[in-house]
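Before any comments, here is the structure.
Computed over heavy atoms, backbone and side chain alike; hydrogens, waters and symmetry mates excluded. Just so you know, residue 1 is the first one in the sequence shown, and it goes up from there.
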Amino acid sequence: MSKSTISTFQLFQAIPDQEAARLYLESRLWPNGVMCPACKAGERITTRKGGYYRCNACKLDFTVRTGTIFERSHVPLHKWVYAMYLLVTARKGISSLQLGKEIGVTQKSAWFMLQRLREACGSDIDKLTGIVEIDETYIGGKEANKHANLKLNRGRGSVGKQAVLGMRERGGRTKAMHIKNASLPIIQQAIHNHIAVGSTIFTDEHGAYSDLNGLFFQHQAVNHSGGEYGRDGINTNSIESVWALLKRGITGVYHHVSPKHLDRYVAEFTFRLNFGNVKYHTLERLDSFVLASFNKRLTYKELTA
């Protein structure tokens with residue numbers, strides 16, 4: 001048996017039904033005892049049947065679902081836990097069609113579940129430090145492959161695609177986000193928002209990075225258009241490996257991602273790189289997902305608006 005993971009069979013043994021899943025989630029979300037999600041009090045809590053609790057301080061009736069991505073969902077909690085397990089262990093993600101077959105729900109319900117889980121993946125992390133590689137990529141179909149009435153006829157390359165900016169610490173964390181375009185103001189604002197002052201930045205020769213070297217950051221670039229991909233340890237290989245994984249997942253598993261939901265899909269992949277890394281035990285990765293689900297809510301109306 002692997003020391004760094006658990007099998008599906010072992011997960012089912014540990015969490016076989018809804019009651020076991022409820023106790024598991026409560027132990028992770030309330031490690032010091034039941035706490036009211038509204039007033040954050042834990043002293044005057046009355047236990048009721050079926051996993052319900054009553055906060056006598058603010059008169060709220062609540063469960064472990066309240067204030068999480070599971071709220072008002074009719075899907076049993078052990079199916080939610082299994083969905084989290086699949087999403088955090090599937091290197092390239094899992095489709096809603098496949099998830100629906102795995103847990104016995106409709107494709108529509110599975111899609112809604114996955115979007116809620118991706119909403120939880122959007123938890124922000126501290127600013128990146130040290131050596132940080134930065135690069136941008138474009139997500140979307142090729143113009144040459146589009147039907148004639150869908151072609152924009154404005155050239156090739158990034159035309160009709162969505163820009164995504166990525167930042168990755170050397171040997172550490174990753175941040176990525178859907179951006180309106182790859183212009184200098186947007187990219188440099190994102191860099192200042194997500195990278196600590198004093199960090200060293202490695203990029204390609206894109207003009208948006210041209211004046212970063214100075215008061216806030218140390219900047220080095222490699223000239224990809226000139227055939228240079230590395231120089232004395234200066235390269236963008238790590239962040240480009242993120243794009244390789246993201247694009248293989250979108251092409252092979254999801255096939256199409258609309259601009260409206262792209263941020264959530266990007267958050268899913270970066271979450272796996274940060275908190276779902278295989279160097280952590282599967283249960284640690286699952287715990288990180290459970291904690292990320294707290295204080296998150298996404299309704300179907302908001303999702304489809």
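- Of the charged side-chain nitrogens involved, none lies within less than 4.0 Å of a carboxylate oxygen, so that R168 and E133 do not count as a salt-bridged pair.
- Taken together through direct or relayed side-chain contacts under 4.5 Å among Ile, Leu, Val, Met, Phe, Trp and Tyr, F12 and V105 form part of one hydrophobic cluster.
- Heavy-atom minimum distance, A110 versus L99: O-CD2, 4.0 Å.
- Between V253 and I94 there is no side-chain heavy-atom pair separated by less than 4.5 Å.
- By the criterion of side-chain heavy atoms lying less than 4.5 angstrom apart, applied directly or through intervening Ile, Leu, Val, Met, Phe, Trp or Tyr residues, L165 is not grouped with L184; the two fall into different hydrophobic clusters.
- Distance CE/M113 to CG/L87: 10.0 Å, rounded to 0.5 Å.
- By the neighbour-count criterion of 12 heavy atoms within 6.0 Å, atom NZ of K260 is densely surrounded, having more than that number from other residues, nucleotides or ligands.
- Of all the heavy atoms in L11 and Y82, the pair that sits closest is CD2-CD1, 3.8 Å.
- A donor-acceptor distance shorter than 3.5 angstrom exists from the side chain of Q18 to the backbone of L77, with no hydrogens or angles considered.
- For the pair F271 and L117, the minimum side-chain heavy-atom distance is 4.5 Å or more.
- Formation of a donor-acceptor pair under 3.5 Å by the R54 side chain with backbone atoms of T46 is not found in this model.
- Within the model, atoms OG1 of T200 and CD1 of I195 stand 10.5 Å from one another, a figure rounded to the nearest 0.5 Å.
- Two residues are said to be in side-chain contact when any heavy atoms from C-beta on lie closer than 4.5 Å; V132 and I191 fail this criterion.
- For D135 (side chain) and E240 (main-chain N/O), no donor-acceptor pair under 3.5 Å exists by modelled atom type.
- Considering SG of C55 and CD of E43, their distance stands at 9.0 Å, rounded to 0.5 Å.
- Inter-residue side-chain proximity for V64 and Y53 is flagged as unmet; no heavy-atom pair is nearer than 4.5 Å.
- Between D204 atom CG and Y209 atom OH the span is 5.5 Å, to the nearest 0.5 Å.
- A pairwise comparison of heavy atoms in H281 and I6 identifies CE1-CG2, 3.7 Å as the closest pair.
- Using a 4.5 Å heavy-atom threshold, the side chains of V266 and I139 count as separate.
- Looking at E268, its side chain never comes within 3.5 Å of a backbone N or O of R118 through a donor-acceptor pair.
- A donor-acceptor contact shorter than 3.5 Å links the side chain of R231 to the backbone of A221.
- A donor-acceptor pair is defined here as one N or O able to donate and one able to accept, closer than 3.5 Å; such a pair exists between the side chain of D263 and the backbone of H178.
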Let's go through I250 and L246 carefully: what are the C-alpha distance in whole Å and the side-chain angles of both, what is the deciding distance for side chain to side chain contact (heavy atoms under 4.5 Å, CB included) to 0.1 Å, and is it a yes or a no? CA-CA 6 Å; I250 290 177; L246 173 66; 3.8 Å; yes

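- Between the CE atom of M35 and the CD1 atom of I45 there is a distance of 9.0 Å, given to the nearest 0.5 Å.
- With hydrogens and angles disregarded, no donor-acceptor distance shorter than 3.5 Å links the side chain of Q115 to the backbone of L303.
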Test log, rule side-chain hydrogen bond (donor to acceptor under 3.5 Å, both in side chains), inputs R285 and T282: CA-CA 5 Å; R285 291 184 263 162; T282 303; 3.2 Å; yes

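- For the pair F112/K108, no side-chain contact is recorded, criterion being any heavy-atom separation below 4.5 Å from C-beta on.
- Put simply, OG on S293 and CD on E71 are 11.5 Å apart, with the number rounded to the nearest 0.5 Å.
- Side-chain N or O atoms of T236 include none that pairs as donor or acceptor with a backbone N or O of I239 at under 3.5 Å.
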The test is side chain to side chain contact (heavy atoms under 4.5 Å, CB included); show your working for T270 and K175 and say whether it passes. CA-CA 6 Å; T270 55; K175 287 194 175 193; over 6 Å; no

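- A donor-acceptor distance shorter than 3.5 angstrom exists from the side chain of R65 to the backbone of S73, with no hydrogens or angles considered.
- For the pair R272 (side chain) and A90 (backbone), a donor-acceptor distance under 3.5 Å is present.
- Applying the salt bridge (Lys or Arg N to Asp or Glu O under 4.0 Å) test to residues at least two apart or on different chains, the pairs with a partner in residues 19-42 are E19-R22, R22-E26, R28-D287.
- A cation-pi arrangement is absent between R264 and Y254, since the terminal nitrogen or guanidinium carbon is not both under 6.0 Å from the aromatic centre and inside a 45° cone about the axis.
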How far apart are the C-alpha atoms of K247 and T137, what are their side-chain angles, what is the distance that settles it, and do they pass the side-chain hydrogen bond (donor to acceptor under 3.5 Å, both in side chains) test? CA-CA 10 Å; K247 290 185 176 181; T137 192; 2.8 Å; yes

Start with the C-alpha gap between M167 and M177, add the side-chain angles, then the distance that decides, and say whether side chain to side chain contact (heavy atoms under 4.5 Å, CB included) holds. CA-CA 9 Å; M167 312 169 192; M177 62 221 69; 4.1 Å; yes

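- A continuous path of hydrophobic side-chain contacts links Y265 to Y300 [ILVMFWY only; heavy atoms under 4.5 Å].
- F70 pairs in a ring-ring contact (aromatic ring centres under 6.0 Å, His included) with only one of the listed residues (F294, F289, W80), which is W80.
- In this structure the side chain of T174 never reaches within 4.5 angstrom of the side chain of F269, judged on heavy atoms.
- Minimum heavy-atom separation, S95 to L114: C-CD1, 3.9 Å.
- Hydrophobic clustering keeps V242 apart from V222 (ILVMFWY residues linked when any side-chain heavy atoms are closer than 4.5 Å, directly or through intermediates).
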Run the side chain to side chain contact (heavy atoms under 4.5 Å, CB included) check on L245 and L273 step by step: do they pass? CA-CA 10 Å; L245 184 64; L273 289 168; 4.3 Å; yes

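- Annotation: side chain of W243 is in contact with side chain of V164 (closest heavy-atom distance under 4.5 Å).
- Ring centroids of F275 and Y280 are separated by 6.0 Å or more, keeping the two rings apart.
- The nearest pair of heavy atoms linking A57 to C39 is CB-SG, 4.3 Å.
- Linking ILVMFWY residues whenever their side-chain heavy atoms come closer than 4.5 Å, directly or via other members, places L25 and I103 in the same cluster.
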Result block: side-chain N/O donor-acceptor pairs under 3.5 angstrom for residues 210-218, not counting sequence neighbours:
residue: S210; atom: OG; partner: G207; partner atom: O; Å: 2.9
residue: D211; atom: OD1; partner: Q188; partner atom: NE2; Å: 2.6
residue: N213; atom: OD1; partner: H219; partner atom: N; Å: 2.9

